[in-house]
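Side chains included, hydrogens not; waters and symmetry mates left out as well; all remaining heavy atoms used. Chain identifiers are assigned alphabetically (A, B, ...) following the order of the sequence lines, protein sequences preceding nucleic acid strands; residue numbering begins at 1 within each chain.
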Amino acid sequence: MKIFIERIQKTIEREFSGKVKDLLKSVDINPNNVLVVRNNELITEEDDVKNSDSVKILSVISGG
Amino acid sequence: MLCSKCKEKAVFLSPKLCKNHFVDYFEKKVFDTIKKFNLLKKNDKVVVACSGGKDSTTVLYLLKKFHGNVVALAIDEGIRGYRDKTLLDLERFCKKHDIELRVHSFKDEVGKTLDRMLKQKNHPCSICGTFRRYLLNKHAKGFDKIATGHNMDDEAQAVLMNLLKGNTGLLWNSNPITRKVKGFVQKIKPLYFCSEKEVAAYVLLKSFEVGFIECPYMEESFRNKVRDVLNDDELKHKCSKLNILNKNLELLKKLDLKRKDFRYCSDCREPSQSRVCKTCQLIKSFK
Ligand SMILES: [Zn+2]
Ligand SMILES: [Zn+2]
């Protein structure tokens with residue numbers, strides 16, 4: 001799975017299929033700090049993602 | 001996972017809502033905050049302190065929608081590669097939504113860009129904060145209220161930080177509306193009960209064009225620690241941030257302390273804690 005992490009402006013590759021909340025746990029990101037987007041659609045922590053998906057993890061923290 | 005109000009797919013978890021119901025829920029929450037805390041009177045002239053970021057852009061959009069006439073006020077600190085970019089986003093947004101934008105710069109008003117000042121001195125956030133507050137208040141004169149983009153996370157963090165540092169006097173600022181003090185335009189925070197995550201979801205669902213970019217001078221390691229503590233706690237106990245804010249509001253109501261009276265600066269006549277205000281002292285130190 002391709003995962004773009006906005007805060008560090010990097011795309012990483014991971015073997016993963018399962019719930020978004022477990023994906024976030026595996027990359028050590030608190031769900032309160034981010035939104036997760038798949039195909040430009042906002043998805044929730046309870047949604048499932050497949051290994052063939054590519055997702056974006058967007059930061060909700062404002063730069064000031 | 002479906003919306004709790006209809007058959008559409010949920011895009012948000014707490015509360016569990018689809019796109020349309022989330023947008024309604026968010027807007028209603030802001031509207032209710034404005035009503036409950038009497039943030040705006042019918043004919044108030046309002047200026048929104050804008051950075052081009054998601055929070056102040058949301059406030060700008062919603063006050064235009066709920067209140068009508070608003071003016072966007074932005075301060076250009078002179079931070080290359082950062083503020084020039086966010087101000088472009090803001091310009092575009094204001095043009096699209098037919099909102100008057102006024103920009104005032106450190107360079108024109110206090111003589112130097114922040115980038116230049118930092119060649120002489122450290123502590124960017126304290127210099128920047130002093131001049132920003134001064135310029136916002138100065139250019140909001142003639143308006144009844146300054147609206148800011150402070151959200152529930154910012155406010156809960158501020159309460160905790162002020163408690164940890166023993167700055168209990170500053171707890172008064174953690175209110176949806178600041179108290180009336182001669183020389184200061186009253187500040188209002190329409191996003192007071194909206195979490196950072198809710199604001200970000202609203203901005204995404206409304207397709208507002210605000211880029212993700214962080215200030216290169218950000219030195220808020222203490223705030224980041226407090227944010228992590230609060231967000232970890234929020235995972236275990238839902239609504240812990242909301243509880244902090246509600247408890248603080250209750251406490252302030254009971255205290256009702258008299259705020260220390262301000263003096264007025266002998267140079268610029270703005271409210272000040274000392275004979276010459278912090279802003280004037282800082283300007284002199286850069287000459
Ligand atoms: Zn719905
Ligand atoms: Zn002064």
Side-chain angles (χ1 to χ4, degrees), chain A, chain B residues 1 9-14 16-19 22 51-58 77 79 82-83 85-86 125 128-129 132 149-151 153-154 195-205 207 210-218 220 223-224 227-228 230-235 238 240-241:
Chain A
M1 174 182 295
K2 274 205 172 78
I3 307 160
F4 173 71
I5 303 177
E6 183 180 54
R7 195 172 170 81
I8 54 170
Q9 294 287 309
K10 277 202 177 109
T11 302
I12 58 169
E13 289 265 6
R14 280 281 164 105
E15 284 293 315
F16 185 87
S17 62
K19 284 202 188 305
V20 169
K21 64 176 175 193
D22 296 318
L23 172 68
L24 292 176
K25 208 176 262 174
S26 79
V27 287
D28 197 25
I29 291 177
N30 186 316
N32 288 317
N33 285 331
V34 293
L35 296 174
V36 179
V37 169
R38 176 182 55 197
N39 303 328
N40 291 320
E41 298 263 348
L42 183 57
I43 57 176
T44 74
E45 294 94 275
E46 294 297 333
D47 283 312
D48 287 306
V49 283
K50 301 190 297 285
N51 202 33
S52 56
D53 285 336
S54 72
V55 299
K56 286 183 193 166
I57 300 178
L58 306 177
S59 176
V60 306
I61 295 163
S62 22
Chain B
M1 184 76 41
K9 196 188 156 306
V11 296
F12 209 81
L13 212 51
S14 74
K16 206 188 292 172
L17 295 171
C18 68
K19 178 182 170 172
F22 179 82
S51 66
K54 69 178 184 7
D55 302 289
S56 53
T57 302
T58 299
E77 304 92 343
I79 306 172
Y82 171 64
R83 188 57 78 214
K85 289 185 181 158
T86 68
C125 294
C128 185
R132 270 186 70 87
H150 291 93
N151 60 43
D153 288 69
D154 297 328
S195 72
E196 218 157 35
K197 182 162 170 144
E198 286 176 332
V199 180
Y202 182 75
V203 165
L204 187 76
L205 295 171
S207 310
V210 293
F212 171 80
I213 182 161
E214 280 179 329
C215 179
Y217 298 129
M218 198 149 85
E220 293 188 297
R223 181 178 283 272
N224 286 336
R227 171 185 284 117
D228 288 343
L230 283 171
N231 278 343
D232 287 345
D233 195 57
E234 185 90 18
L235 277 187
K238 288 252 152 32
S240 54
K241 292 171 209 167

Participant: Could you check whether atom NZ of Lys16(B) has more than 12 heavy atoms from other residues, nucleotides or ligands sitting under 6.0 Å from it?
Facilitator: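 12 or below, so no.
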Participant: Is Asp232(B) in contact with chain A via its backbone, its side chain, both, or neither, using a 4.5 Å heavy-atom distance?
Facilitator: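 Backbone plus side chain of Asp232(B), per the 4.5 Å heavy-atom cut-off to chain A.
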Participant: Taking only residues two or more places apart in sequence or in another chain, which ones pass ring pair (Phe, Tyr, Trp, His ring centres under 6.0 Å) with Phe16(A)?
Facilitator: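 Residues passing ring pair (Phe, Tyr, Trp, His ring centres under 6.0 Å) with Phe16(A): none at all.
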Participant: Would you say the side chain of Ser59(A) lies within less than 4.5 Å of the side chain of Phe212(B), judging by non-hydrogen atoms?
Facilitator: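 A side-chain contact exists here, since the closest heavy-atom pair is under 4.5 Å.
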Participant: Please name the pair of heavy atoms, one in Val60(A) and one in Glu196(B), separated by the smallest distance, quoted to 0.1 Å.
Facilitator: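 That would be O-CG, 3.1 Å.
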Participant: Of all the residues in residues 28-46 of chain A, which have a heavy atom that comes within less than 4.5 Å of a heavy atom in chain B?
Facilitator: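 Listed by number: Asn30(A), Pro31(A), Asn32(A), Asn33(A), Val34(A), Leu35(A), Val37(A), Leu42(A), Ile43(A), Thr44(A), Glu45(A), Glu46(A).
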Participant: What is the distance from atom CG of Leu204(B) to atom CZ of Phe22(B), rounded to the nearest 0.5 Å?
Facilitator: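 Result: 10.0 Å between the selected atoms.
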Participant: Drop me the distance from Asp22(A)'s CG to Asp48(A)'s CG, to the nearest 0.5 angstrom.
Facilitator: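 Output value for this atom pair is 9.5 Å.
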Participant: So which part of Asp55(B) gets closer than 4.5 Å to some heavy atom of chain A, the side chain, the backbone, both or neither?
Facilitator: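 Contact with chain A is through the side chain of Asp55(B) alone.
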Participant: Measuring from Glu198(B):CD to Thr58(B):OG1, what's the distance to the nearest 0.5 Å?
Facilitator: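 Rounded to the nearest 0.5 Å, the CD-OG1 separation comes to 11.5 Å.
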Participant: Is Lys9(B) in contact with chain A via its backbone, its side chain, both, or neither, using a 4.5 Å heavy-atom distance?
Facilitator: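 Looking at Lys9(B), just its side chain touches chain A.
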Participant: Heavy atoms only: give me the nearest Ser56(B)-Ser51(B) pair and the separation to one decimal.
Facilitator: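 Scanning both residues, the minimum pair turns out to be OG-N, 3.1 Å.
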Participant: Need one label for Leu13(B): side chain, backbone, both or neither, based on atoms under 4.5 Å from any heavy atom in chain A.
Facilitator: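 Both parts, heavy atoms under 4.5 Å.
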Participant: So which heavy atom on Lys238(B) is nearest to which on Ser14(B), and how close?
Facilitator: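 Answer, listing the atom of Lys238(B) first, then Ser14(B): CE-OG, 4.1 Å.
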Participant: What part of Leu205(B) gets within 4.5 angstrom of chain A, counting heavy atoms only: side chain, backbone, both, or neither?
Facilitator: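 Looking at Leu205(B), just its side chain touches chain A.
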Participant: Taking Arg227(B), Lys54(B), Glu234(B) one by one, which has the highest count of heavy-atom pairs under 4.5 Å against chain A?
Facilitator: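 Highest number of pairs under 4.5 Å: Arg227(B).
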